Novice: 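Below is a structure I'd like to ask you about.
Everything quoted here is computed from the prediction, not taken from an experiment.
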Amino acid sequence: SRKKENLDKAADEMKAKGAPKVLAIPCDVRKPEEVEAMVEKTMKELGRIDVLVNNAAGNFLCPTELLSYNAFNAVVGIVLHGTFNCTLAAGRKMIESGKGGRILNIVTTYAWTGSAFVVPSACGKAGVAAMTQSLAVEWARHKIRVNAIAPGPFPTEGAWKNLVPPGFEEKMRERVPLRRLGQHEELANLAAFLISPYAAYINGEIVTIDGGEWLQGAGQFNWATGLSPTEWEKMMKK
């Protein structure tokens with residue numbers, strides 16, 4: 001967060017759950033100088049950086065013809081430039097240490113399909129996906145693994161406010177073959193696995209966790225999952 005009060009609240013919650021040490025540093029990831037300062041302070045306080053999770057994002061629904069240039073730049077600045085800024089600053093420290101590290105990027109399934117009404121986010125996330133796979137090859141020699149997660153709908157206050165109009169939550173569920181939304185623990189468990197030694201041979205992967213949502217939307221005849229037994233009977237008689 002760019003706001004210290006938000007970070008302090010999160011840090012207190014982590015400490016209450018047993019985290020041994022939490023260092024909260026306000027930072028605008030779009031500004032390389034602030035990112036560099038954050039990384040330097042982290043090195044000074046904690047000694048090294050083993051893992052970087054790039055989760056900062058901005059997004060909102062908007063017809064593209066109504067977008068301003070600033071709106072597009074703001075989202076791409078956070079998502080793509082911010083991810084690059086943090087990756088470069090932390091990655092350099094991992095390389096200098098000689099011990100490597102793990103980088104985990106959070107993208108989205110429409111990074112490869114695109115999506116109407118979120119063009120800035122789709123462009124930014126597609127860039128992060130390409131960065132993930134590019135650096136997985138380039139930095140492997142430095143013992144750095146780079147992977148990504150592509151989540152489907154996981155309800156949060158910010159995301160739902162900007163992306164889900166009132167009354168549309170049920171439609172979100174209907175888009176998922178499992179007919180439910182994601183649980184935060186499921187996403188956290190996947191992230192913990194990908195940065196752990198158990199995933200030591202996974203590099204350059206973008207792991208989808210969406211209950212099958214994007215596959216349901218991708219298949220040309222997936223709409224047929226909604227046919228009733230009677231309708232299927234009629235179809236089979238043709």
Novice: Does Thr83 have any side-chain contact (heavy atoms from CB on, under 4.5 Å) partners at least two apart in sequence or in another chain, and if so, which?
Specialist: Asn54, Thr87, Asn105, Val128, Met131

Novice: Going by the rule side-chain contact (heavy atoms from CB on, under 4.5 Å), which residues pair with Asn189 if we only count those two or more places apart in sequence or in a different chain?
Specialist: none

Novice: Does Leu194 sit in a hydrophobic cluster with other residues, and if so which ones, taking ILVMFWY side chains as linked at heavy-atom separations under 4.5 Å, directly or through other members?
Specialist: Val51, Val53, Leu104, Ile106, Ile149, Phe154, Leu187, Leu190, Phe193, Ile195, Tyr198, Ile202, Val207, Ile209

Novice: Please identify each residue that fulfils side chain to side chain donor-acceptor pair (under 3.5 Å) with Arg2, with sequence neighbours left out.
Specialist: none

Novice: Got a sec, which pairs hit salt bridge (charged side-chain N to carboxylate O under 4.0 Å, His left out) with one end in residues 182-194, sequence neighbours left out?
Specialist: Arg180-Glu186

Novice: Please collect all ring-ring contact (aromatic ring centres under 6.0 Å, His included) contacts where either partner lies in residues 90-121, sequence neighbours excluded, each pair once.
Specialist: Trp112-Trp214

Novice: Which residues satisfy the side chain to side chain donor-acceptor pair (under 3.5 Å) test with Thr113, sequence neighbours excluded?
Specialist: none

Novice: Show the atom names and distances, to 0.1 Å, of all donor-acceptor pairs under 3.5 Å that link a side chain in residues 31-46 to residues at least two apart or in another chain.
Specialist:
| from | atom 1 | to | atom 2 | distance (Å) |
| --- | --- | --- | --- | --- |
| Glu34 | OE1 | Asp28 | N | 2.8 |
| Glu40 | OE2 | Lys93 | NZ | 2.8 |
| Thr42 | OG1 | Met38 | O | 2.8 |

Novice: Distance check, rounded to the nearest 0.5 Å: Arg145 atom CZ versus Tyr201 atom OH?
Specialist: 12.5 Å

Novice: According to salt bridge (Lys or Arg N to Asp or Glu O under 4.0 Å), who are the partners of Glu5, at least two apart in sequence or on a separate chain?
Specialist: none

Novice: About how many Å separate CG of Asn147 and CD1 of Ile206, when rounded to the nearest 0.5 Å?
Specialist: 9.0 Å

Novice: Identify all side-chain donor-acceptor contacts of residues 62-79 below 3.5 Å with residues at least two apart in sequence or on another chain.
Specialist:
| from | atom 1 | to | atom 2 | distance (Å) |
| --- | --- | --- | --- | --- |
| Ser68 | OG | Ala71 | N | 3.0 |
| Asn73 | ND2 | Tyr69 | O | 3.2 |

Novice: According to side-chain contact (heavy atoms from CB on, under 4.5 Å), who are the partners of Arg48, at least two apart in sequence or on a separate chain?
Specialist: Asp50

Novice: Please report, to 0.1 Å, the donor-acceptor pairs under 3.5 Å made by any side chain of residues 7-23, with sequence neighbours excluded.
Specialist:
| from | atom 1 | to | atom 2 | distance (Å) |
| --- | --- | --- | --- | --- |
| Asp8 | OD1 | Lys4 | NZ | 3.4 |
| Asp8 | OD2 | Lys4 | NZ | 2.8 |

Novice: Are Arg30 and His81 close enough that some pair of their side-chain heavy atoms sits under 4.5 Å apart?
Specialist: no

Novice: Taking the side chain as everything from C-beta on, heavy atoms only, tell me whether Thr156 gets closer than 4.5 Å to His184.
Specialist: yes

